[in-house]
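Every chain is numbered from 1, with letters handed out A, B, ... down the list of sequences. Remember, it's a predicted structure, so these values are computed and weren't measured experimentally.
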Amino acid sequence: MTDLIQQLINGLLIGGLYALVALGISLVFGLTGMVNFAHGEVVMLGGYLTFTLTQSFGMPFLGSLVGSLLAGGLLGFAMDRTTFRYTRGTPMNGLVISLGLIMIFQSLAMTIWGTEPLTMDVLFPGAFQQWGLSLSIQKAITLVVTAVLIAGFGLFLVKSRAGRALRALAQEPEAAVYVGIPVERYIALSMVIGTALAAAAGAMFAALFSITPFVGTSLTAKGFIVVALGGMGSAAGTIAGGLLLGVMEALGAGYISAAFTDAYGLLLFLLVLSFKPAGLFGVSGRVKL
Amino acid sequence: MSARVSNLATWAVVLALLFAVPSVVGFDGALINIAVVIAINAILAFSLGILFGYAGQMSLAHAAFYGIGAYTAANIALKWGVSFWWCLPIAALAAMLVAAILSIVVTRMEGIVFSLGTYAVGEMIRLVFVNWWQVTGGPQGLSFQRRPESIFGLDFTTRGSFYYVVAAILVLSYLGIRKLMKSKLGWWFVALRENPVLAQSLGINVHLAKAIVFILSAGLAGVVGVLYLYNFRHISPEAFSVWESILLILIVMIGGVGTMAGPIIGAAVFLVLPEVLRLPPTVQPVLIGVVLILVVVLLPRGVVGTFEDWWKARRIKGQAVPKEAA
């Protein structure tokens, strides 16, 4: 029982990070119909930036996390303005561009940080011990930061004027234009928010696991699985999908053989896409393409 | 000169040029190798061109089918001594069989979702290549030392003669695809790309058309897998990953989506440019990425497509002027 609870906690931890990564993919897909394969590369770059800021410049972890978050947002803005905005009418071209961006970002990371996996020094030694369960302080911080970011994003989406505009755009793009919502500006904003959250997730990934220039693509794949599970373009579904995938993976790694771990997620993804395209929690109806 | 005669003349010139390549660049050495690799990639780009260019389905699993062809050929040749010439159709059938099974799932998807689904398919097949080491040799892959057997008294063991095999398959697949695209089935494929809903309302079985084009393109990719195996004599999972599929999409897009000559031009540009520029290995992917982005933003119809547009615009202009004057 203790073991199960321990696995659940680990699953929620990873799942929360998956959700942070997937929110950006889902948000941009909901507004533009474009799938950004380079999204995971922002996670990777955020992780490396945090690594450099803490290890080489001695910044506190939370400081470098915020630094990565801001840099990630900036990168998202740059990507959108220099490339993606030319592909609004043709989401497929946006996808192809994002494939080109992956090559650029990976080479950049290889040139700066090399191809060997980098592991950060333990920033917060020690762990909470209670009822036979253990939670390292680093993991506790990750859980809290993830929760704060997700809650903050939720509040922004529900309460703020910009958040309402984003939801209006995702629901009825034409009607949103009629009531005077500047579409381009909000698409750029969604890209900025998405990449900022992804870079923050990268910062926490780097502190928990080792990081290589190639982690981005597998994280993008996880993001797709999460978005497909939760229903494309649905924020609440994405968060639930992230937690579900994290818990499933943790239980799978704990209780089932791990040779084809990645394949299980992909298979689930394929089946959901073809038989339940609105996502497991999605409302009935076709995906907007 | 009538259109038919000029067509025949063009063909004669192209065939003569293809035939003359080894005499010009030498029957052995680096240059003939590049020619073989360009031709192999051009056939591969043809096979993706049917699916992506004509039917508008952007598959990220294409390299996986080419891998299935290569691994099938390697196994039947090493275990049972099957000859090169029999490997070609058998590898095609193997790739088509896997594609037929997968088409049950992927034909339910459209547009971007199709790309995502085939991404998952490509990744899963790569994982099989990595983990099924009894058949695939695992991450290290398989080494392969056989050469094509001589047939009709012709010897195919030298580089130059292998070039002729690849060039012949290139010409045959070009003719086959051109014939296919002029048939009713070809029109189905284009209808699938242009407007699936309208196509369905015209009585076209969209699912069936998508399944057929998916299976056909996988079959041709399987043939190329055999050529790849006999050319490089080593196969490993990384050569058939989603990344290879992405590079193929780039080749098709550089040449021009939905054009016949596009894949050849794309493969030539894509493979000759790095040889000419000789960039360090970390810079090369950056260049590829930048070229990909520039092509999408500036030349969405590719080199051949842009040229066609320019040519048509010129001709229309030439015809319109006298009409206005009259």
Within 6.0 angstrom of A:Glu116 CD, more than 12 heavy atoms from elsewhere: no

Part of B:Leu60 within contact of chain A (heavy atom distance under 4.5 Å): side chain

Which atoms of A:Ile97 approach chain B - backbone, side chain, both or neither, heavy atom under 4.5 Å: both

Side-chain touch B:Ile293/A:Leu101, heavy atoms, less than 4.5 angstrom: yes

Value rounded to 0.5 Å, distance of CE in A:Met103 from CG in B:Leu287: 10.5 Å

Spatial distance of atom CH2 (B:Trp243) from atom OG1 (A:Thr217) [nearest 0.5 Å]: 6.0 Å

Residues, nucleotides or ligands: over 12 heavy atoms within 6.0 Å of A:Arg185 CZ: no

Heavy atoms from other residues, nucleotides or ligands near CZ of A:Phe77 exceed 12 (cutoff 6.0 Å): no

Residue part contacting chain A, namely of B:Tyr119, when any heavy atom lies under 4.5 Å: side chain

Chi angles and distances behind the side-chain contact (heavy atoms from CB on, under 4.5 Å) call for A:Phe37, B:Leu116: CA-CA 10 Å; A:Phe37 270 74; B:Leu116 285 176; 4.1 Å; yes

B:Val290 and A:Ile104: CA distance, side-chain angles, deciding distance, side-chain contact (heavy atoms from CB on, under 4.5 Å) verdict: CA-CA 7 Å; B:Val290 171; A:Ile104 297 173; 3.8 Å; yes

Structural part of B:Leu247 lying under 4.5 Å from a heavy atom of chain A: side chain

4.5 Å side-chain heavy-atom contact, A:Leu95 and B:Met58: yes

Pairs of heavy atoms under 4.5 Å with chain A: top-ranked of B:Val295, B:Thr107, B:Val297: B:Val297

Worked verdict on A:Leu270 versus B:Met124 for side-chain contact (heavy atoms from CB on, under 4.5 Å): CA-CA 10 Å; A:Leu270 204 55; B:Met124 285 196 291; 3.5 Å; yes

Part of A:Thr82 lying under 4.5 Å from any heavy atom of chain B: neither

